[in-house]
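See below for the structure under consideration.
In each ligand, atom 1 is the first atom listed, and ligand 1 is the first ligand listed.
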Amino acid sequence: MYSDDEDLRVDRCCCGGNPQVESKYGSFFVICKECGCSGSSYPTQKQAIRSWNKKNRRIKGESEK
Ligand SMILES: [Zn+2]
C-alpha cells in the first residue's frame with residue numbers, strides 16, 4: 001500500500017521558492033509566489049501536486065522513479 005501523505009508533499013520550485021497549493025472555483029493548482037510560475041488546475045489537490053512535482057523534476061533534470 002502506498003501512503004497518501006507521500007504524494008501531498010510539494011517539491012521545492014526550481015527557483016528555490018516554496019510553492020503552495022491553492023484552490024479556485026473547485027480546482028486545485030500549485031503556485032510559486034517567488035517566481036510566479038504555476039501548475040495546471042486539477043479537480044483534486046493530489047493531482048495538482050503530482051503534476052507539479054513531475055514537471056519540476058523534469059526541469060531539474062532528475063529522472064523519475
Ligand atoms: Zn519558483
Which angle, to 10 degrees, forms at the Zn ion (ligand 1) with SG of C32 on one side and SG of C15 on the other? 100°
Decide yes or no for K33 and E22: does some side-chain heavy atom of the first lie under 4.5 Å from some side-chain heavy atom of the second? yes
Hey, does the side chain of N53 reach the backbone of R9 with a donor-acceptor pair shorter than 3.5 angstrom? yes
Examine all N, O or S atoms of C37, backbone included, and report whether one is under 2.8 Å from the Zn ion (ligand 1). no
Side-chain donor or acceptor of S23 paired with backbone N/O of G26 under 3.5 Å: no
Checking the side chain of W52 only, and the main-chain atoms of D11 only, is there a donor and an acceptor separated by less than 3.5 Å? yes
In this structure, the Zn ion (ligand 1) sits at the vertex of an angle between SG of C35 and SG of C13 that rounds to 10° as 110°
Counting backbone and side-chain atoms alike, is an N, O or S atom of C14 positioned under 2.8 Å from the Zn ion (ligand 1)? no
